[in-house]
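No experiment lies behind these values; they were computed from the predicted model shown. Start at 1 and go down the list; that is how both ligands and their atoms are numbered.
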Amino acid sequence: MNKIQSINLSKSFFIDGIEIEVLNKINISIKRGDLVALSGRSGAGKSTLLQVLASLDTPSSGLIKYDDTSIESLNNSELSSLRLKNFGFVYQFHHLLEDLTVMENVLIPLEILNRSTNKSEVLNIIDEVGLSHRLNHHPWRLSGGEKQRVAIARALINKPNFIFLDEPTGNLDEDNAEIIQKLLLDISRKYNIALITATHDSNFIRNFDKIYKIQDMNLTEA
Ligand SMILES: Nc1ncnc2c1ncn2[C@@H]1O[C@H](COP(=O)(O)OP(=O)(O)OP(=O)(O)O)[C@@H](O)[C@H]1O
Ligand SMILES: [Mg+2]
């Protein structure tokens, strides 16, 4: 997959029959290698837009297209295999499985894909995030920054073209945030992976090619 596009994408939630409009006719196009930041106040709709662009949630109206395919034409299993092949996800909280080692956590996406593993490839990716010496440790023995590096390795293991990040440095101190930011930017450049990032972090935002702000349900380029 080389392109993700939304066309007049709107999203509302209904709570007790009351409509909460979050996004109104959003048009955005993201190509491989793009660095896209989504900013906006808390509750503006950043996470919602990420979820819908990644097809983890459905639009209320409008279209999402992956290359030239509208996602409406795909069934759930086609969509989920497409996500597993093309997307990586990194969240504010790492969502690692505590009973598994670093290595095992990183391998989860491949297990779901039923793909055999080439051990040296896996080791390369773990080396890329600087955790070769922690392969067999469990998450509880790692620092916050290290856990986030495991989450990044897990997001890379399927060789995605797009990584969706929701406040990836939101839970880290300044020094660790900087290390994680640099790692993400290096990885994006090296592998030509698009980063689509919801963030409040102005240091991080500065490095992005396209900086958008969500305000009053609309997306504007900053
Ligand atoms: N599943 C849901 N059901 C109902 N309302 C929702 C749901 N998800 C999000 N919302 C509402 O949509 C709006 C946007 O939420 P969203 O999480 O996208 O904001 P955000 O910009 O990511 O905020 P933050 O910076 O706090 O993470 C909020 O008003 C929120 O309450
Ligand atoms: Mg959010």
Side-chain angles (χ1 to χ4, degrees), residues 4-30 34-66 71-72 74 76 79-80 83 87-96 144-145 147-152 154-155 160 162-174 176-178 180-181 183-185 188 193-222:
I4 297 174
Q5 196 183 0
S6 78
I7 302 163
N8 289 333
L9 159 73
S10 297
K11 179 70 181 174
S12 299
F13 294 103
F14 286 89
I15 300 174
D16 299 331
I18 295 167
E19 184 178 14
I20 298 171
E21 286 184 81
V22 180
L23 301 171
N24 182 32
K25 297 193 174 153
I26 303 282
N27 292 290
I28 188 171
S29 179
I30 302 156
D34 283 351
L35 293 172
V36 176
L38 303 174
S39 65
R41 63 165 180 77
S42 180
K46 303 178 294 296
S47 300
T48 303
L49 182 56
L50 285 182
Q51 292 284 104
V52 178
L53 288 173
S55 69
L56 293 170
D57 199 350
T58 51
S60 304
S61 65
L63 291 181
I64 303 288
K65 285 169 95 176
Y66 295 152
I71 65 168
E72 283 176 333
L74 303 170
N76 281 343
L79 267 180
S80 100
R83 276 195 300 269
F87 298 164
F89 296 92
V90 177
Y91 297 97
Q92 177 170 2
F93 301 99
H94 47 79
H95 297 295
L96 301 177
K147 285 182 203 171
Q148 206 56 327
R149 285 191 257 159
V150 181
I152 292 168
R154 183 184 53 189
F162 297 85
I163 300 183
F164 294 89
L165 307 106
D166 201 343
E167 305 283 1
T169 56
N171 208 29
L172 302 176
D173 62 51
E174 216 173 296
N176 268 304
E178 216 165 285
I180 294 295
Q181 287 163 10
L183 177 64
L184 288 168
L185 295 168
S188 163
I193 299 173
L195 303 182
I196 308 134
T197 312
T199 184
H200 289 108
D201 188 330
S202 49
N203 276 331
F204 196 19
I205 280 186
R206 240 184 272 142
N207 296 291
F208 283 69
D209 313 318
K210 290 188 182 156
I211 301 163
Y212 293 97
K213 186 170 185 186
I214 306 179
Q215 192 170 21
D216 301 329
M217 299 180 282
N218 292 305
L219 189 71
T220 48
E221 208 167 335

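- In this structure, atom 14 (C) of ligand 1 has protein heavy atoms in its sub-4.0 angstrom surroundings.
- For residue Ser47, an N/O/S atom approaches the Mg ion (ligand 2) to within less than 2.8 Å.
- Taking only non-hydrogen atoms, the option from Asp57, Ile20, Thr48, Leu49 nearest to atom 16 (P) of ligand 1 is Thr48.
- Separating the CD atom in Gln148 from the OH atom in Tyr91 is a distance of 12.0 Å, to the nearest 0.5 Å.
- Counting atoms of ligand 1 from 1 in the listed order, those under 4.0 Å from a heavy atom of Arg41 are 21 (O).
- For Lys25 (side chain) and Ser10 (main-chain N/O), no donor-acceptor pair under 3.5 Å exists by modelled atom type.
- The nearest heavy-atom contact from the protein to atom 27 (O) of ligand 1 is Ser47 OG, 3.9 Å.
- Under the 4.0 angstrom criterion, atom 8 (N) of ligand 1 counts as having a protein heavy-atom contact.
- For Ala44, the heavy-atom gap to ligand 1 drops under 4.0 angstrom.
- Of all protein heavy atoms, the one lying nearest to atom 1 (N) of ligand 1 is Phe13 CE2, 3.7 Å.
- Open room surrounds CD on Glu174; 12 or fewer heavy atoms of other groups in view lie less than 6.0 Å from it.
- Looking only at protein heavy atoms, the nearest one to atom 12 (O) of ligand 1 is Val22 CG2, 3.2 Å.
- A distance-only check finds no donor-acceptor pair linking the side chain of Lys213 to the backbone of Arg41 [under 3.5 Å].
- Heavy-atom contacts from other residues, nucleotides or ligands closer than 6.0 Å to CD of Glu72 number 12 or fewer.
- At least one heavy atom of His200 sits closer than 4.0 Å to an atom of ligand 1.
- In the model, Gln181 has a side-chain atom that pairs as donor or acceptor with a side-chain atom of Asp201 under 3.5 Å.
- Of the residues listed (Lys46, Gln92, His200), the one engaging Glu167 in a side chain to side chain donor-acceptor pair (under 3.5 Å) is His200, and it is the only one.
- Scanning the protein for heavy atoms near atom 25 (O) of ligand 1, the closest one is Lys46 NZ, 2.7 Å.
- For Gly43, the closest heavy-atom approach to ligand 1 falls below 4.0 Å.
- Contact annotation: for Ile15 versus ligand 1, heavy atoms closer than 4.0 Å belong to the side chain alone.
- The aromatic rings of Phe87 and Phe89 sit perpendicular, their planes meeting at an angle over 60°, well past the 30° parallel limit.
- For Lys210 and Phe208, the positive end is not near the middle of the six-membered ring at less than 6.0 Å and at most 45° from its axis.
- Scanning the protein for heavy atoms near atom 26 (O) of ligand 1, the closest one is Ser42 OG, 2.6 Å.
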